[in-house]
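Just follow the structure's listing: the first ligand is 1, and inside any ligand the first atom is 1. These numbers come from a predicted model, not from an experiment.
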Amino acid sequence: MKTVLITGGSRGIGRAAAMLFAKEGYKVIINYNQNRQAADEVADLTGGDVIQADVGDSKSVEKMFELIKDRYGKLDVVINNAGIAQQKLFTDITEAEWDRMFDVNVKGMFNICKQAVPMMVHEKQGKIINVSSIWGTVGASCEVHYSASKSAVEGFTKALAKELGPSGITVNCIAPGVIGTEMNIALTKEALDELKEETPLCRIGTPDDIAQVMLFLASTGSDFITGQIISPNGGIVIN
Ligand code: NAP
């Protein structure tokens with residue numbers, strides 16, 4: 001049975017991924033940071049294993065990997081999905097908010113890969129899937145720190161893909177458009193309607209739209225794809 005670690009697997013896109021991967025026969029490790037109840041619900045639905053860790057904290061990630069190594073020995077797929085967002089004028093963003101954004105969205109991915117990559121190199125195989133955002137590609141007003149952190153996810157993906165290709169490991173990135181999760185709870189109905197109007201496919205995305213792309217990037221069907229940024233976004237951004 002293949003094993004997948006999904007950071008932020010308790011809610012939103014990560015939850016949809018946990019459900020889909022479990023349905024496809026994967027053993028799912030559901031990481032979360034704060035909301036144990038949400039993570040337990042996903043575990044009940046998927047038969048998955050819940051492990052708490054703040055991805056931005058290297059010690060916390062090390063402890064999670066001690067458990068993973070003890071219980072599973074190897075990881076076939078890692079999905080760096082955990083992330084935070086914040087809407088604020090640039091001039092109001094504090095240093096602490098900037099640091100927290102980068103700790104979770106960028107250093108989180110670094111901390112996870114530092115632990116996962118040696119395991120995958122040992123197996124000479126593995127699939128790493130990072131999650132950025134269309135705002136990392138085109139930039140979002142009032143989300144400078146979020147947009148910058150997601151651009152960093154894309155640069156990290158491209159560089160690590162070059163380094164790990166000879167070891168049989170692929171590294172790809174998904175840059176979702178606007179998806180209906182709690183991350184967008186602050187958007188008004190008017191704002192959502194405007195986004196739908198601007199989107200050629202005339203809707204916002206569902207968590208499952210993204211989970212399906214994750215499943216593809218984890219499958220053998222994607223074996224010749226690495227270092228790529230794939231953007232399921234309904235056409236709102238076409239490069
Ligand atoms: P969400 O509904 O807010 O869920 C976020 C998940 O990440 C939760 O499971 C949360 O767990 C976890 N998490 C947050 N901080 C964490 C930390 N420090 N350590 C471990 N887990 C942490 O978000 P989402 O919309 O599903 O977003 C998932 C990813 O897609 C993010 O990287 C986001 O930036 C990206 N994305 C989302 C959209 C969108 O429109 N929704 C668009 C583009 C990209 P707890 O509740 O336990 O903290």
Side-chain angles (χ1 to χ4, degrees), residues 5-20 28-43 46 48 50-65 78-87 97 99-112 115 129-140 143 145-154 156-157 173-187 191-192 195-196 199 203-211 213-214 229-234 236-237:
L5 167 66
I6 305 172
T7 68
S10 55
R11 297 191 287 109
I13 292 169
R15 176 190 159 105
M19 306 279 278
L20 184 63
V28 179
I29 304 169
I30 302 145
N31 156 258
Y32 75 104
N33 184 30
Q34 289 181 311
N35 189 337
R36 172 93 209 187
Q37 197 187 335
D40 282 343
E41 266 175 38
V42 182
T46 59
V50 170
I51 309 183
Q52 189 280 338
D54 175 353
V55 295
D57 174 359
S58 59
K59 293 277 169 282
S60 179
V61 170
E62 270 172 38
K63 279 191 196 145
M64 173 164 72
F65 271 80
V78 168
I79 305 182
N80 284 306
N81 165 77
I84 54 171
Q86 186 183 42
Q87 283 81 40
E97 287 167 342
D99 286 346
R100 184 63 186 156
M101 187 66 72
F102 273 73
D103 276 352
V104 177
N105 291 2
V106 186
K107 199 167 146 207
M109 177 184 58
F110 169 78
N111 287 335
I112 295 285
Q115 296 293 323
I129 301 164
N130 300 322
V131 180
S132 64
S133 161
I134 50 169
W135 306 130
T137 314
V138 300
E143 292 189 72
H145 50 350
Y146 181 75
S147 301
S149 74
K150 291 303 189 180
S151 297
V153 171
E154 299 188 359
F156 178 103
T157 299
C173 178
I174 299 177
V178 182
I179 309 300
T181 70
E182 283 174 51
M183 189 170 268
N184 289 318
I185 211 146
L187 287 178
L192 282 172
L195 283 163
K196 282 182 205 167
T199 304
R203 65 174 176 90
I204 62 163
T206 65
D208 195 56
D209 286 326
I210 309 307
V213 182
M214 290 171 169
I229 316 298
I230 296 176
S231 189
N233 66 40
I236 196 169
V237 172

Interatomic distance, Asn80 atom CG to Thr7 atom OG1 [nearest 0.5 angstrom]: 5.0 Å

Lining ligand 1 at under 4.0 Å, by non-hydrogen atom distance, are residues Gly8, Ser10, Arg11, Gly12, Ile13, Asn31, Tyr32, Asn33, Gln34, Asn35, Ala53, Asp54, Val55, Asn81, Ala82, Gly83, Ile84, Arg100, Val104, Val131, Ser132, Ser133, Tyr146, Lys150, Pro176, Gly177, Val178, Ile179, Thr181, Glu182, Met183, Asn184

Using 0.5 Å steps for rounding, measure from the CD1 atom of Ile6 to the CG atom of Asn31. 10.0 Å

Does Ile79 reach the side chain of Leu5, with side-chain heavy atoms less than 4.5 Å apart? no

Less than 4.5 Å apart, side chain to side chain, heavy atoms only: is that true for Glu143 and Gln86? no

With a cut-off of 3.5 Å and sequence neighbours excluded, list every side-chain donor-acceptor pair involving residues 100-111.
| residue | atom | partner | partner atom | Å |
| --- | --- | --- | --- | --- |
| Arg100 | NH1 | Asp54 | OD2 | 3.3 |
| Arg100 | NH2 | Asp54 | OD2 | 3.3 |
| Asn105 | OD1 | Ile84 | N | 2.9 |
| Asn105 | ND2 | Ile84 | O | 3.0 |
| Asn105 | ND2 | Ser149 | OG | 3.1 |
| Asn111 | ND2 | Val55 | O | 2.9 |
| Asn111 | ND2 | Lys107 | O | 3.4 |

Hey, what do you get for OG (Ser151) to CH2 (Trp135), rounding to the nearest 0.5 Å? 12.5 Å

